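Below: the structure, in structure tokens.
Quantities reported herein were computed from a predicted structural model and do not represent experimental measurements. Proteins come first, then strands; the chains are lettered A, B, ... in the order of their sequence lines, and each starts at number 1.
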Amino acid sequence: MSDDVRVRFAPSPTGRLHIGGARTALFNWAYARRRGGRFVLRVEDTDRQRSTPEFEQAILDGLSWLGIDWDEGPIVGGDRGPYRQSERREAHLATAGKLAEAGWLYRCFCSPERLASLREEQIARKETAAYDGRCRELTAEECDGRVNAGEAPVLRFRVPAGETRFSDLIRGDVAFQNREVDDWVTVRADGSPTYNFVVVCDDAHMAITHVIRGEEHLTNTPKQVLLYRALELEVPEFAHLPLILGQDKKKLSKRTGDTALDDYKDKGFPPEAVLNFLSLQGWALDGETEVFSIDQLASHFDVVDVSKGGSIFDAEKLLWLAGQYLRDEDLDHLVERAGPFLVRAGYLAESELADRAEFVRAAVATVQERSRTYAEVAEQLAYLFVPDDAVEYSEKGEKNARKQGNDALSAYLPWLTDRLAQRASADELRDATKAWVAERGDKMPALFAPLRCALTGAPGGPDLFEVIALLGPERTLARVGAGLERLG
RNA sequence: GGCCCCAUGGAGUAACUGGUCAACUCGUCAGGUUCUCAACCUGGAGACUGGGGGUUCGAAUCCCCCUGGGGUCACCA
């Protein structure tokens with residue numbers, strides 16, 4: 001039934017939330033919303049060495065930052081918990097017991113060393129590396145004897161002959177020969193259950209109807225399908241999402257760029273833009289609309305529309321999208337988001353954000369249309385927060401200035417001093433200045449290039465009269481004075 | 001290497017169940033606008049839909065082969 005769709009996102013808290021994981025979560029979420037189903041969050045923290053509460057928190061925070069909420073899982077609870085895998089150990093072992101009883105599991109005493117050399121040999125012979133079944137037919141007596149002698153066996157799944165096929169919502173029918181699927185370990189020698197085993201236990205327990213995950217799990221699927229059947233459970237629908245690739249066309253990894261969602265948060269990307277971008281990796285709303293909200297995603301998304309091929313992560317397009325969102329933000333909202341970046345850059349103290357609110361607001365307003373991230377907002381305002389005699393002249397800015405010479409600027413200084421004393425408004429000053437330049441028979445850049453360099457050091461930027469308004473008369477004149485010397 | 005998956009301009013995608021010039025967005029190039037940068041506007045280049053065979057009146061869409069790329073082969077998840 002379409003109305004009891006249940007999907008899940010099952011990250012392991014062994015690192016920060018990966019950009020690919022974030023998209024997997026997003027597509028699961030969107031599918032649940034579209035179908036009126038439930039989105040379950042399950043934390044797979046069974047690798048106790050590597051799992052930490054901090055990473056778990058970071059992952060939850062990452063999802064929240066994007067605007068993804070979950071109906072069941074950590075914090076919110078639910079009646080099919082616990083949602084932390086480590087807390088489900090008993091249920092896992094009970095299921096293992098049941099399976100063993102039914103004859104699906106057998107004890108294996110092969111040493112890791114034997115398995116390793118077996119693998120090597122098989123690879124050398126160009127065969128599929130798989131367990132050879134040496135312990136498959138041991139009798140109960142033999143096994144008990146070895147256990148009493150102190151050997152600790154693993155429990156392997158007895159893969160039947162034949163083939164396993166399943167239908168993938170994105171890829172269609174997929175078939176694997178069972179002989180290619182080895183008798184994999186379900187319970188380790190120390191009694192802990194393995195990943196492929198617990199995934200099925202948990203997905204079944206949580207009544208997951210659609211398993212939507214990354215393509216790297218495609219080869220795990222036959223093992224899991226076999227397990228569902230052995231357990232006499234209904235097999236869920238599967239959908240394997242194409243991978244997000246780096247510039248090298250390989251699975252996105254740290255080598256090829258920022259892979260953690262946090263990196264984009266830290267770099268000041270609007271979360272809406274990141275979410276929008278992620279949606280576009282493997283999916284399109286209608287083939288025309290590029291910029292859309294999370295609500296539009298939720299009302300249009302369907303996994304069957306996801307494309308099969310992996311997509312290369314294009315940072316340029318993400319930046320473009322970021323700019324779309326940032327320019328569209330309400331100024332107060334933008335100030336709120338960009339403020340922390342001004343503080344982080346060391347331009348302002350936290351308290352000044354409030355104390356100098358009007359100034360900050362006016363400053364941010366000047367760069368909104370030319371910024372794509374909050375970090376860029378701060379970056380472009382850097383010139384405001386340096387001493388007037390130490391404005392950093394960019395190479396290009398200075399070159400532009402020197403090309404024009406100092407004549408216009410030095411003549412302008414006394415004129416400007418006078419105007420500023422009369423408290424001319426930005427608009428008045430702009431008009432008057434242009435008239436003044438024209439009267440001298442100069443081209444506009446003759447004055448503006450050196451003036452811009454003196455005031456901001458940059459080759460381009462906001463309207464200079466807005467800059468002057470931000471700096472105020474005193475600092476403006478100080479900078480022009482300093483500029484005349486430095487450029488002379 | 002075995003197995004599995006995939007393949008539309010540089011990138012992301014579209015093209016209903018095969019049907020006129022393969023569409024949109026990013027990027028790129030040129031011009032306009034601006035003191036300038038960005039934004040914005042206009043225009044352009046860029047794909048014989050990886051290659052080769054079929055099926056068909058007709059294929060990016062169906063079939064086969066090849067090539068290329070990726071994923072995966074643990075007592076990690």
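A:Glu369 comes within 4.0 angstrom of a base, heavy atoms only. A:Gly282 comes within 4.0 angstrom of sugar-phosphate atoms only, judged by non-hydrogen atoms across all strands, and of no base. Within 4.0 Å of A:Asp463, counting heavy atoms only, lies at least one base atom of the nucleic acid. If you check every strand for non-hydrogen atoms under 4.0 Å, A:Arg327 touches sugar and phosphate atoms only. Backbone-only engagement by A:Ala175 is indicated by non-hydrogen atom pairs under 4.0 Å involving sugar-phosphate atoms exclusively. At the heavy-atom level, A:Leu464 lies under 4.0 Å from base atoms of the strands shown. A:Cys453 comes within 4.0 angstrom of no nucleic acid atom, judged by non-hydrogen atoms across all strands. Heavy atoms of A:Gln281 sit under 4.0 angstrom from primed sugar atoms or phosphate atoms, though from no base atom. Across all strands shown, A:Gly309 has heavy atoms under 4.0 Å from sugar-phosphate atoms exclusively, and none from any base. Looking at heavy-atom distances under 4.0 Å, A:Ser307 makes contact with sugar-phosphate atoms alone, never a base. Across all strands, A:Val185 comes closer than 4.0 Å only to sugar-phosphate atoms, never to a base (heavy-atom distances). A:Thr46 comes within 4.0 angstrom of the backbone, heavy atoms only, and of no base. Among the atoms of the strands shown, base atoms are found under 4.0 Å from some heavy atom of A:Ala189. Looking at heavy-atom distances under 4.0 Å, A:Leu451 makes no contact with the nucleic acid at all.
Across the protein-nucleic acid pair, A:Leu455 atom CG and B:C35 atom P stand 16 Å apart, rounded to whole Å. Taking atom CG on A:Asp182 and atom P on B:U72, their separation rounds to 16 Å, with Å as the unit. Going from atom CZ of A:Arg23 over to atom P of B:G12 covers 12 Å, rounded to whole Å. Put simply, CG on A:Asp47 is 12 Å from C1' on B:C75, counting in whole angstrom units. Rounding to whole angstrom units, CG of residue A:Asp286 and C1' of B:U13 are separated by 11 Å. Rounding to whole angstrom units, NZ of residue A:Lys250 and P of B:C6 are separated by 20 Å. A:Arg125 has its CZ atom 15 Å from the P atom of B:G2, to the nearest Å. A:Leu118 has its CG atom 13 Å from the C1' atom of B:C73, to the nearest Å.
Straight-line distance between the C1' atoms of B:C48 and B:A39: roughly 38 Å, to the nearest whole Å. One P atom belongs to B:C6, the other to B:C65, and the distance between them is 14 Å to the nearest Å. Comparing B:C3 with B:G46, their P atoms are spaced 42 Å from each other, to the whole Å. Only the C1' atoms considered, B:C64 is 11 Å distant from B:U55, to the nearest whole Å. Spacing of C1' atoms, B:G10 relative to B:A45, comes out at 13 Å, to the nearest Å. B:G52 and B:U67 have their P atoms separated by 15 Å, given to the nearest Å. The separation of B:U25 from B:G32, taken at their C1' atoms, amounts to 23 Å, rounded to a whole angstrom. Taking atom P in both B:G2 and B:C57, the straight-line distance is 40 Å, to the nearest Å.
Considering only side-chain atoms of A:Glu215, the nucleotide from B:U13, B:C35, B:G70 that sits closest is B:G70. Candidate nucleotides B:U34, B:C26, B:C5 were compared by shortest atom distance to the side chain of A:Trp320, and B:C26 ranks first. Of the candidate nucleotides B:C3, B:A11, B:C5, B:A11 has the atom lying nearest to any side-chain atom of A:Ile312. Side-chain proximity of A:Val174 to B:G12, B:G71, B:C4: nearest is B:C4. When distances run from any side-chain atom of A:Ala284 to the nucleotides B:U13, B:A77, B:C3, the shortest one goes to B:U13. Here the side chain of A:Leu280 is nearest to one of B:G12, B:C5, B:G71, namely B:G12. Ranking B:C35, B:C75, B:C26 by closeness to the A:Pro112 side chain, first place goes to B:C75. Which of B:C5, B:C3, B:G12 sits closest to the side chain of A:Thr128 comes down to B:C3. Minimum atom distance to the side chain of A:Phe176 is reached by B:C3, of the listed B:C75, B:C3, B:A77. Which of B:G12, B:C40, B:C37 sits closest to the side chain of A:Lys317 comes down to B:G12.
Residue A:Arg48 qualifies as open at atom CZ: its count of foreign heavy atoms under 6.0 Å is 12 or below. The neighbour count for A:Arg440 CZ, taken as heavy atoms of other residues, nucleotides or ligands under 6.0 Å away, is above 12. Within 6.0 Å of CD in A:Glu216 there are more than 12 heavy atoms belonging to other residues, nucleotides or ligands.
Pairing for B:A15 is absent, with no Watson-Crick or G-U wobble pair whose two atom distances lie under 3.5 Å. When both distances must be under 3.5 Å, the Watson-Crick or G-U wobble mate of B:A7 is B:U67. Checking B:C73 for Watson-Crick or G-U wobble geometry (two distances, each under 3.5 Å) identifies B:G1 as its partner. When Watson-Crick and G-U wobble pairs are counted only if both distances are under 3.5 Å, B:A30 pairs with B:U42. Nucleotide B:U36 forms no Watson-Crick or G-U wobble pair with any nucleotide shown, as no partner meets the under 3.5 Å limit on both distances.
Not one N or O on the side chain of A:Asp258 forms a donor-acceptor pair closer than 3.5 Å with the backbone of A:Ala260.
For the pair A:Arg16 and A:Phe55, the cation-pi criterion (under 6.0 Å, within 45° of the ring axis) is not fulfilled. For A:Arg156 and A:Tyr131, the positive end sits near the middle of the six-membered ring, less than 6.0 Å away and at most 45° from its axis.
Looking only at atom types and distance, the side chain of A:Tyr412 has a donor-acceptor partner in the side chain of A:Thr433 under 3.5 Å away. Residues A:Glu237 and A:Ser167 bring no donor and acceptor atom of their side chains to less than 3.5 Å of each other. Between the side chains of A:Glu379 and A:Tyr374, not a single donor N or O lies within less than 3.5 Å of an accepting N or O.
The shortest distance between the side-chain N/O atoms of A:Lys308 and the OP1/OP2 oxygens of B:G70 is not below 4.0 Å. Within the structure, a side-chain polar atom (N or O) of A:Arg119 is placed less than 4.0 Å from OP1 or OP2 of B:A74.
Scanning atom types as modelled, one donor and one acceptor separated by under 3.5 angstrom connect the side chain of A:Glu290 and the base of B:G12. The base of B:C35 sits within donor-acceptor range of the side chain of A:Arg452, with an N or O pair under 3.5 Å.
Between A:Asn400 and A:Thr219, the residue anchored nearer the 5' end of RNA chain B, judged by the nucleotide with its closest heavy atom, is A:Asn400. Comparing A:Asp173 and A:Pro193 by the nucleotide of RNA chain B whose heavy atom lies nearest to each, the residue mapping closer to the 5' end is A:Asp173.
For the pairing with A:His92, the side-chain contact (heavy atoms from CB on, under 4.5 Å) check across A:Thr186, A:Thr194, A:Asp202 returns one residue only, A:Asp202.
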